[in-house]
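Note that the structure is a prediction, hence the values are computed from the model and not measured.
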Amino acid sequence: MKFSRDATESALQPREVIAGKDAHALADRVLAMDDELLRAAFRKSPIKRAKRSGLVRNAEVVLRNRGDRTLRYV
């Protein structure tokens with residue numbers, strides 16, 4: 001939009017764990033996190049509703065779409 005501005009409210013800023021990452025880098029990061037790190041990274045965030053299993057499933061879909069066929073999460 002012609003008159004749009006970047007959000008300045010801190011609640012609308014991206015969290016450090018996802019800021020500046022593309023989908024593939026973020027998928028790799030999610031797969032590398034354990035439950036404790038995920039809880040800390042997304043504390044007070046609606047993304048926690050997906051739980052680790054849902055986030056891992058989505059991350060693996062992203063990586064498979066890229067052509068990475070290796071299964072990272074068991």
Lys21 atom NZ, over 12 foreign heavy atoms within 6.0 Å: yes
Connected via hydrophobic side-chain network under 4.5 Å: [X] and [Y]:
X: Ile47; Y: Val17; value: yes
X: Val56; Y: Val62; value: no
X: Leu31; Y: Val61; value: no

Partner set under side chain to side chain contact (heavy atoms under 4.5 Å, CB included) for Ala50, not counting sequence neighbours: Leu55
I need the Leu63 CG to Asn58 CG distance, nearest 0.5 Å.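 The distance works out to 11.0 Å.
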With a 3.5 Å distance limit and no angle check, can you tell me whether Arg52 reaches the backbone of Met33 through a side-chain donor-acceptor pair?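 Present.
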Between side-chain atoms of residues 34-43 and protein atoms elsewhere (two or more places apart, or another chain), which donor-acceptor pairs fall under 3.5 Å?
residue: Asp34; atom: OD1; partner: Glu36; partner atom: N; Å: 3.4
residue: Asp34; atom: OD1; partner: Leu37; partner atom: N; Å: 2.9

